[in-house]
Amino acid sequence: MSDSIFSRIIRGEVPCHRVYEDELTIAFLDVNPVAPGHTLVVPKEPAVTLAELSDGSAAALGKVLPRICRAVCKATGATAYNILQNNGVAAHQVVEHVHFHVIPKTDSQGLGINWRPGPLNPEAGAELGRKIARLL
Ligand code: 5GP
């Protein structure tokens with residue numbers, strides 16, 4: 001559990017441009033947007049990473065995310081967007097409170113992705129797939 005800047009926003013101690021709120025979630029504009037309309041969708045539960053989040057908060061987020069994507073696209077005119085969700089400092093998480101970024105994408109603005117995929121080894125993939133499935 002954390003008491004980050006987002007907990008302070010949820011408690012109303014820090015101002016934000018709120019676009020949505022219900023019992024379990026809140027959404028507001030990012031203070032340093034990558035593109036106009038860059039919105040953060042945040043559970044009120046102060047979990048640090050997605051894996052720590054309760055099923056109830058996860059379901060509430062899953063329900064509201066598509067609605068927020070639709071509204072952000074309509075408001076900005078964007079027809080493409082990325083969802084970004086960072087977990088852990090090594091994965092570029094700065095605020096230690098679960099959040100989803102909704103980032104409109106145009107030719108000139110939005111999320112840049114620079115990943116280096118490689119082919120999946122069939123044997124290693126089968127073994128790892130079974131291992132993950134056993135842990136679910
Ligand atoms: P992260 O790297 O943790 O996934 O992203 C955290 C995001 O929170 C950043 O995009 C940053 O601009 C945003 N952020 C940090 N502090 C505040 C704040 O006080 N208000 C708002 N609206 N956004 C914030």
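Every number for a ligand or one of its atoms is a count from 1 in the order of the listing. Numbers here simply count residues along the sequence, with the first being 1.
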Taking only residues two or more places apart in sequence, or in another chain, which ones meet [X] in a ring-ring contact (aromatic ring centres under 6.0 Å, His included)?
{"X": "Phe100", "answer": "none"}
{"X": "His97", "answer": "none"}
{"X": "Tyr81", "answer": "none"}

Give me the ring orientation class for Phe6 and His99: parallel if the planes are under 30° apart, tilted from 30 to 60°, perpendicular past 60°.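 Perpendicular.
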
| query | Does Glu13 use its side chain to pair, donor to acceptor, with the backbone of Arg8 at less than 3.5 Å? | reply |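 No, Glu13 side chain to Arg8 backbone: no donor-acceptor pair under 3.5 Å.
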
| Around ligand 1, what residues show up once you keep those with a heavy atom under 4.0 Å from it? |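 Residue list for ligand 1: Ile5, Phe6, Ile9, Phe28, Leu29, Asp30, Val31, Asn32, Leu40, Asn86, His92, Gln93, Val94, Val95, His99, His101.
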
Worksheet item: CD of Gln85 to OG1 of Thr49: how many Å apart, nearest 0.5 Å?
Response: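 Nearest 0.5 Å value for the CD-OG1 distance: 8.0 Å.
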
